[in-house]
A.B. asks: 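Just dropping this structure here.
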Amino acid sequence: MSKYRETILKLITDVAPNYISGETIAQQLNISRMTVKKAIDQLKEEGLSIDSVHNKGHRLNTYPLNWYKGILDSMLSHNTLVKTCFVYDRLDSTQLVAKKTLINTEEPFLVISDEQTAGTGRFKRPWQSPKGKGLWMSIVLKPDIPFSMLTTFNLFMSLAICETIQTFSNDLVQIKWPNDIYIKDKKVCGFLTEMIANADGVEAVICGIGININHGLEDFDSSIHDTATSIKLHHQNEKVNRYQFLDQLLKNIEQRYNQFLTQPFTAIKKDYIESSNIWNRRLRFTEGARQFWGYVIEIDDQGFLHVEDEHGTVQRLMSADIEF
């Protein structure tokens with residue numbers, strides 16, 4: 001395997017849909033044209049659609065089905081939030097790998113895998129992450145903020161994810177507070193946010209995101225057929241290009257994250273409320289060992305949920321599991 005493969009793929013992706021000559025690639029990397037040719041031939045053998053035309057060079061025609069670091073590096077070169085990515089074919093959990101990688105990585109970064117064998121969501125619930133079907137990633141950010149601001153982080157991220165999925169869905173996409181995304185009362189995405197902090201403040205925020213993208217109904221375990229869905233099932237049952245989806249998601253996360261750093265929750269509160277699916281319905285709430293039924297009456301300016309229980313008492317929740 002050529003050690004220049006991913007770097008060459010990045011250069012080809014950088015100029016797409018235009019061509020880049022083998023000579024230009026060789027000069028930029030200070031390698032021979034034969035080394036360039038061998039690497040590109042290898043990529044073609046793996047199934048990448050690359051045109052090679054005499055006197056024109058090489059061109060990436062379409063994004064492949066699998067994740068390639070070279071393509072993702074090219075994508076991230078246009079993002080001001082995250083510049084580094086770690087790409088895997090298979091691992092236990094992007095969240096676990098992100099925590100380990102954080103020890104030796106100073107800048108924000110992205111961990112992405114084609115498959116997870118032990119993906120989990122909130123409350124350590126298992127998250128099915130089959131190969132090639134979804135987006136399994138963790139993004140590590142390093143905001144210089146007080147602890148108090150973290151109560152609204154998930155709300156900004158929820159909007160970024162909801163807006164991205166809506167771009168690819170023919171049906172209405174909604175948020176179930178604080179951080180689940182639904183289409184037609186079926187879950188399409190969940191995410192988990194963990195904080196690394198010391199006595200002085202927040203060191204890092206690790207946001208693990210799992211999105212069902214190209215699942216057919218047969219790809220879900222029969223136990224969740226009535227509760228889970230994918231974007232494909234609401235996209236004229238056609239496959240969604242995962243690179244295009246990720247590119248849009250990162251742009252939306254960048255926008256909403258910068259908004260999070262500079263504006264209060266009140267700036268997006270109206271949008272968040274309008275995007276939520278928790279209104280005017282009897283819901284079951286679980287917070288720790290406590291469980292009760294009630295109706296949501298408001299989300300306050302700090303992002304807390306106000307719920308009137310069946311006894312008429314108003315409960316203020318920071319985080320809870322909600323069931324329809």
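As the structure is a computational prediction, the values presented were derived from the model and not from experiment.
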A.B. asks: Any idea how F260 and F153 line up, ring-wise: parallel (<30°), tilted (30 to 60°), or perpendicular (>60°)?
C.D. replies: perpendicular
A.B. asks: Answer yes if the side chains of D321 and T286 hold a donor-acceptor pair under 3.5 Å, and no otherwise.
C.D. replies: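 Checked: D321/T286 side chains show no N/O donor-acceptor pair below 3.5 Å.
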A.B. asks: Dump the intermediate steps for salt bridge (Lys or Arg N to Asp or Glu O under 4.0 Å) on D300 and R316, then the final yes or no.
C.D. replies: CA-CA 9 Å; D300 66 26; R316 187 173 185 255; 2.9 Å; yes
A.B. asks: Under the criterion side chain to side chain contact (heavy atoms under 4.5 Å, CB included), which of I25, T13, I8 is the partner of I20?
C.D. replies: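 Among I25, T13, I8, the one that satisfies the side chain to side chain contact (heavy atoms under 4.5 Å, CB included) with I20 is I25.
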A.B. asks: Measure from the side-chain N and O atoms of K186 to the backbone N and O of H225, and report whether any donor-acceptor pair falls under 3.5 Å.
C.D. replies: yes
A.B. asks: Please say whether more than 12 non-hydrogen atoms of neighbouring residues, nucleotides or ligands are located less than 6.0 Å from NZ in K269.
C.D. replies: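 Yes, because the 6.0 Å sphere around NZ of K269 holds more than 12 heavy atoms from other groups.
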A.B. asks: If the plane angle is over 60° it's perpendicular, under 30° parallel, otherwise tilted; pick one for W136 and H215.
C.D. replies: perpendicular
A.B. asks: Judged by modelled atom types alone, do T266 and D301 share a side-chain donor-acceptor pair under 3.5 Å?
C.D. replies: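 Absent: no donor and acceptor within the cut-off.
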A.B. asks: Can you tell me if T151 uses its side chain to pair, donor with acceptor, with the backbone of Q302 under 3.5 Å?
C.D. replies: yes
A.B. asks: Around atom NZ of K184, are there more than 12 heavy atoms of other residues, nucleotides or ligands at under 6.0 Å?
C.D. replies: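 Atom NZ in K184 is not packed in, count stays at 12 or less.
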A.B. asks: Taking side-chain hydrogen bond (donor to acceptor under 3.5 Å, both in side chains) as the test, write out the residues that go with D73, two or more places apart.
C.D. replies: K69
A.B. asks: Taking atom types as modelled, is there a side-chain donor on Q95 or S138 under 3.5 Å from an acceptor on the other?
C.D. replies: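 Note: Q95 and S138 side chains meet the donor-acceptor criterion.
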A.B. asks: Return yes if a side-chain donor-acceptor contact under 3.5 Å exists between K44 and S52, otherwise no.
C.D. replies: yes
A.B. asks: May I ask you to check whether Y243 and W67 place their ring centres under 6.0 Å from each other?
C.D. replies: yes
